[in-house]
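What follows is a short report on a single structure.
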Amino acid sequence: MEFCEQALVLAVRRFREIDAWVRLLSPVRGVYTAFAFGGMKSRRRFLGCLDPLNHVQFKVRRSGYRSYHCLTEGRLLDSPRQLRTHPQRLGMAVNCLKFFEAVPIPAHSAAEAYALLRELLAALDAAEAPSSLVPLLFRARMTFVHGMLPVCGHCAACGRALGDNGAVCHVEEGKILCPACRSAASGGVRLPLSSGALSLLETAVAQSPDCWALCRPQPTAAREFSRAVDLLVRYHMGLAWEQGGFVRA
Ligand SMILES: [Zn+2]
């Protein structure tokens with residue numbers, strides 16, 4: 001069976017001199033691995049395609065025997081223009097991709113995740129000085145895509161709109177409560193969230209990555225937001241960022 005599809009290249013590993021395996025994100029199939037036999041040599045079939053962060057139209061053959069994917073041809077659609085030469089921006093992109101790969105996405109979220117990652121890379125490529133919060137906003141958004149980020153506009157107990165008075169995030173229960181209801185949740189880690197931190201959660205869920213890049217919050221709000229996202233990710237997804245990679249917490 002052969003098919004054509006657009007995909008984002010997440011990682012490329014060379015093996016046996018001229019062959020490669022490629023980790024791809026497709027809007028239809030989600031994340032999968034495919035072989036590119038002769039891919040590191042064939043300029044004709046894969047010209048400029050086999051590098052992480054590229055957006056490529058691939059011809060893919062699915063072998064019946066053992067059922068693996070094999071790339072037979074690629075056409076580069078677009079690739080970042082500046083991202084690879086700016087260490088700080090590249091570091092943010094790599095951080096986001098590592099987080100993305102650490103948490104398998106359900107098939108029905110593939111198209112949403114694909115669009116989000118494409119927008120994220122475009123934003124990091126275009127912005128002169130993207131906010132250092134971009135990776136955390138991305139993590140918060142992915143947590144939301146996975147259904148693990150609490151709804152943030154309203155108190156989870158009384159339904160009142162949250163705003164100027166701030167709120168409390170109950171990490172274990174994954175709930176955000178207004179100050180009056182803070183005792184509605186049982187014991188556990190409760191983090192105070194100022195109105196600034198709440199609006200960062202809203203930004204993560206409702207805004208696009210090019211808005212994230214422009215985000216310049218107050219340091220306190222950024223700290224509260226970062227801590228809440230870290231703890232939610234650690235508790236509900238079992239992941240923590242350590243020494244350049246996500247590890248099982
Ligand atoms: Zn309440």
Side-chain angles (χ1 to χ4, degrees), residues 92 95-96 99-100 102-113 115-117 119-120 123 130-242 246-249:
M92 289 195 238
N95 181 299
C96 294
F99 180 74
F100 182 78
V103 196
I105 44 161
H108 64 85
S109 303
E112 185 183 358
L116 182 66
L117 267 184
E119 284 174 30
L120 173 87
S131 165
S132 60
L133 273 189
V134 167
L136 275 149
L137 290 158
F138 176 75
R139 255 176 263 171
R141 176 70 156 264
M142 287 310 297
T143 316
F144 181 76
V145 169
H146 282 273
M148 292 171 208
L149 185 78
V151 176
C152 41
H154 297 270
C155 170
C158 70
R160 204 174 300 155
L162 300 171
D164 295 347
N165 295 329
V168 178
C169 174
H170 191 287
V171 174
E172 283 87 339
E173 293 190 5
K175 281 180 183 166
I176 294 184
L177 302 165
C178 75
C181 295
R182 59 172 297 151
S183 52
S186 53
V189 181
R190 292 175 202 173
L191 298 173
L193 295 173
S194 60
S195 58
L198 281 173
S199 86
L200 283 171
L201 278 170
E202 290 272 11
T203 302
V205 171
Q207 310 264 355
S208 63
D210 43 336
C211 298
W212 299 351
L214 303 173
C215 199
R216 297 286 183 271
Q218 297 285 331
T220 317
R223 255 197 318 275
E224 290 173 352
F225 167 75
S226 305
R227 182 148 170 75
V229 174
D230 268 344
L231 287 179
L232 286 165
V233 164
R234 190 182 276 261
Y235 189 82
H236 295 282
M237 295 172 139
L239 288 175
W241 175 256
E242 268 173 35
F246 284 93
V247 295
R248 290 277 146 201

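Keep in mind the model is a prediction, meaning the values are calculated, not measured. Read the numbers this way: they start at 1 and go in the same order the structure lists the ligands and their atoms. Start at 1 with the first residue, then count along the sequence.
- Annotation: side chain to side chain donor-acceptor pair (under 3.5 Å) contacts involving residues 191-200, sequence neighbours excluded, comprise S194-E224.
- Note on the Zn ion (ligand 1): protein N/O/S atoms under 2.8 Å are C155 SG, C158 SG, C178 SG, C181 SG.
- Judged as a side-chain hydrogen bond (donor to acceptor under 3.5 Å, both in side chains), and not counting sequence neighbours, R141 has no contacts.
- Using a 4.5 Å heavy-atom cutoff, the side chains of N95 and F246 are in contact.
- In this structure, the side chains of C155 and L162 come closer than 4.5 Å at one or more pairs of heavy atoms.
- Under the rule for a side-chain contact (heavy atoms from CB on, under 4.5 Å), the partners of V103 that lie at least two apart in sequence or sit in another chain are F99, H146, M237, L239.
- P192 places none of its side-chain heavy atoms less than 4.5 Å from the side chain of V168.
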